[in-house]
Amino acid sequence: MRVLFINSVCGTGSTGKITGELAEKFTSEGHDVKIAYGRSDYVPERFKKFAVKIGTKSDVYFHALLTRLTDRHGFYSRHATKKFLDWVNKNFNPDLLWLHNIHGYYINIELLFTWIKSRENLKVLWTLHDCWSFTGHCAHFLIANCDKWQTHCENCPQKNSYPASFADSSCKNFDDKRKLFTGIKNLTIITPSKWLAGLVKKSFLCDYPVEVRYNKIDENIFKPTPGNFRQKYNLQDKKIILGVANIWNKKKGLDDFIRLAKILDSGKFIIFLVGLTSSQIKNLAGYKNIIAIQRTNNQIELANIYTESDIFFNPSYEENYPTVNLEAESCGTPVITYNAGGSPETIKRKDSHIIKCGDIESVKNLLENLP
């Protein structure tokens, strides 16, 4: 069987690792597998044999620019998508197409789904990692407290959020997505949380079968892992509150870590953040009880950081099924997470806690009672 994955990235980030590990599983079973992706030129060595690039950096930048001007995210990259589909037709001809993130300024959804509908015997799986597939603009709507997607998007309150735009085409986007994404005979939607599955059933994708498959982590890597993390940063006498994210912003709760830093005893506690940009690190330099580093591709090092931290705090306001919570608990570290999206479904340890979004005082009280 020939299996084709399409995702924004290959082998990096949460969705890239998921698709890469699925590709390895299918290959071990004797199938021919490729992963088509459009973002980031970096592909880990173990996944390079699967990688098929869609378009170029210039294509992505131009798609992003046009999106900013028109709010028609997903309707550009025509040349790159045509070239990719020509390659598929001539060289691969898949039996199974497994879609993951198809947003991210790299593929034209109109060309892609027209092609999908033209292939009667093609089996299609689509794993949703957010809500973009059934809204007129946004990838998440919890912070905006918006339910227009259940009926019809228009006058989007989040046009300035990803995929950010000066214009508002949410009404047309909603109509076009509904037309393109519905009516596929052999499509099954997969969600990594019961929470997202429930949303799908309220959307225009409601006629498709939906399966909940929780994301998994590699427990051979994410396990209690001794190391020199505390010594490296001279934190032997500190209670360490850890935060990890691929992209830090307001929705991920970076501001809440700053709020927390202001009310914690800096002699006793240290906040350690992984995954920030150089400019974010510079902006946090004034906080003596925050240490921030850029992301690490060394998972053993990350497992050591999880292991030697006292608590993992996930203050994200919009989540599907955060694997960072799984990684922390698997390394033996309890978690404090907001009651956002599918986050509560990740919690297994009795000493982990689910709290109301933004309730920093409760976080402070829990931290002060750490053993």
Side-chain angles (χ1 to χ4, degrees), residues 4-8 15 36-39 54-55 59-60 62-64 66-67 69-89 94 96-141 148-154 156 158-159 162-163 165 167-191 196-197 199-211:
L4 176 62
F5 291 90
I6 299 179
N7 187 49
S8 52
T15 63
Y37 70 105
R39 299 296 303 270
I54 301 173
D59 293 322
V60 171
F62 194 51
H63 193 148
L66 291 173
T67 295
L69 296 173
T70 69
D71 193 28
R72 293 287 284 162
H73 182 211
F75 291 92
Y76 300 108
S77 297
R78 293 188 66 88
H79 175 74
T81 306
K82 283 182 178 179
K83 187 176 180 180
F84 163 64
L85 293 175
D86 285 343
W87 175 87
V88 175
N89 289 331
L96 170 63
L97 175 66
W98 197 331
L99 304 174
H100 283 260
N101 271 351
I102 60 169
H103 58 81
Y105 312 112
Y106 74 99
I107 198 165
N108 183 288
I109 59 174
E110 186 174 23
L111 292 177
L112 175 62
F113 277 81
T114 299
W115 177 82
I116 289 171
K117 290 179 178 180
S118 73
R119 301 176 69 87
E120 292 186 3
N121 297 320
L122 180 65
K123 180 178 180 181
V124 184
L125 301 176
W126 191 0
T127 297
L128 305 186
H129 298 281
D130 51 47
C131 307
W132 181 84
S133 59
F134 51 86
T135 74
H137 175 88
C138 69
H140 289 284
F141 38 71
K148 294 179 182 180
W149 56 274
Q150 295 185 35
T151 52
H152 199 293
C153 288
E154 59 182 354
C156 180
Q158 295 198 106
K159 72 175 186 178
Y162 172 84
S165 178
D168 180 2
S169 297
S170 57
C171 182
K172 182 171 176 53
N173 291 339
F174 187 90
D175 287 337
D176 288 347
K177 283 185 182 181
R178 180 168 54 186
K179 180 180 177 181
L180 290 169
F181 296 164
T182 58
I184 300 171
K185 294 179 181 178
N186 196 11
L187 185 148
T188 298
I189 289 175
I190 298 168
T191 65
L196 185 54
L199 298 186
V200 171
K201 286 301 183 182
K202 296 178 181 179
S203 76
F204 57 66
L205 300 176
C206 61
D207 290 335
Y208 290 120
V210 181
E211 298 179 7

Query raised in the report: Are the side chain of Tyr208 and the backbone N or O of Ile184 linked by a donor-acceptor pair below 3.5 Å?
Result: yes
Query raised in the report: Going by distance alone, is a donor N or O of one side chain under 3.5 Å from an acceptor N or O of the other, for Trp149 and Ser203?
Result: no
Report task. Give a yes or no on whether the backbone of Asn101 and the side-chain of Asn7 come within a donor-acceptor separation of less than 3.5 Å. Result -> yes
Query - His79: ring pair (Phe, Tyr, Trp, His ring centres under 6.0 Å) partners, not counting sequence neighbours - result: none
Query raised in the report: What is the ring orientation for Phe174 with Phe204, classed by angle as parallel under 30°, tilted 30 to 60°, or perpendicular over 60°?
Result: perpendicular
Query raised in the report: Between the main-chain N or O of His140 and the side-chain N or O of Tyr162, is there a donor-acceptor pair closer than 3.5 Å?
Result: no
Report task. Please answer whether the main-chain N or O of His73 pairs with a side-chain N or O of His63 as donor and acceptor at a distance below 3.5 Å. Result -> no
**Report entry** Heavy-atom closest pair, residues Phe84 and Ala36
**Finding:** CE1-CB, 3.4 Å
Query - Check: Phe75 and Ile109 side chains under 4.5 Å, non-hydrogen atoms - result: yes
Query raised in the report: So, the side chain of Ser169 versus the backbone of Arg72: is there a donor-acceptor pair under 3.5 Å, distance only?
Result: no
Query - Heavy-atom closest contact (Gly136 atom, Cys153 atom, distance) - result: N-SG, 3.2 Å
Report summary line: Of all heavy-atom pairs linking Thr67 and Tyr76, the shortest is N-CE1, 4.1 Å
Query raised in the report: Are any side-chain N or O atoms of Lys185 and backbone N or O atoms of Glu120, one a donor and one an acceptor, separated by less than 3.5 Å?
Result: no
Query raised in the report: Has the side chain of Asp168 got a donor or acceptor atom that lies under 3.5 Å from a matching backbone atom of Cys156?
Result: yes
Query - Lys/Arg-Asp/Glu bridge criterion (N-O < 4.0 Å) met for Asp175, Lys172 - result: no
Requested in this report: Verify the ring-centre separation between Phe181 and Phe134: is it less than 6.0 angstrom?
Outcome: no
Query raised in the report: Just by modelled atom types, is the Cys138 backbone N or O under 3.5 Å from a matching donor or acceptor in the Thr135 side chain?
Result: yes
Query raised in the report: Could you go step by step and tell me if Leu112 and Ile6 meet the side-chain contact (heavy atoms from CB on, under 4.5 Å) rule?
Result: CA-CA 10 Å; Leu112 175 62; Ile6 299 179; 3.9 Å; yes
Query raised in the report: Under the 3.5 angstrom rule, does the side chain of Thr81 hit a backbone N or O of Asn108 as a donor-acceptor pair?
Result: yes
Requested in this report: Search all heavy atoms of Tyr105 against all heavy atoms of Ala64 and return the closest pair with its distance.
Outcome: CD2-CA, 3.4 Å
Query raised in the report: Side chains of Trp115 and Asn89: do they bring a donor and an acceptor to under 3.5 Å?
Result: yes
Query raised in the report: Taking it one step at a time, do His137 and Asp71 satisfy side chain to side chain donor-acceptor pair (under 3.5 Å)?
Result: CA-CA 8 Å; His137 175 88; Asp71 193 28; 2.6 Å; yes
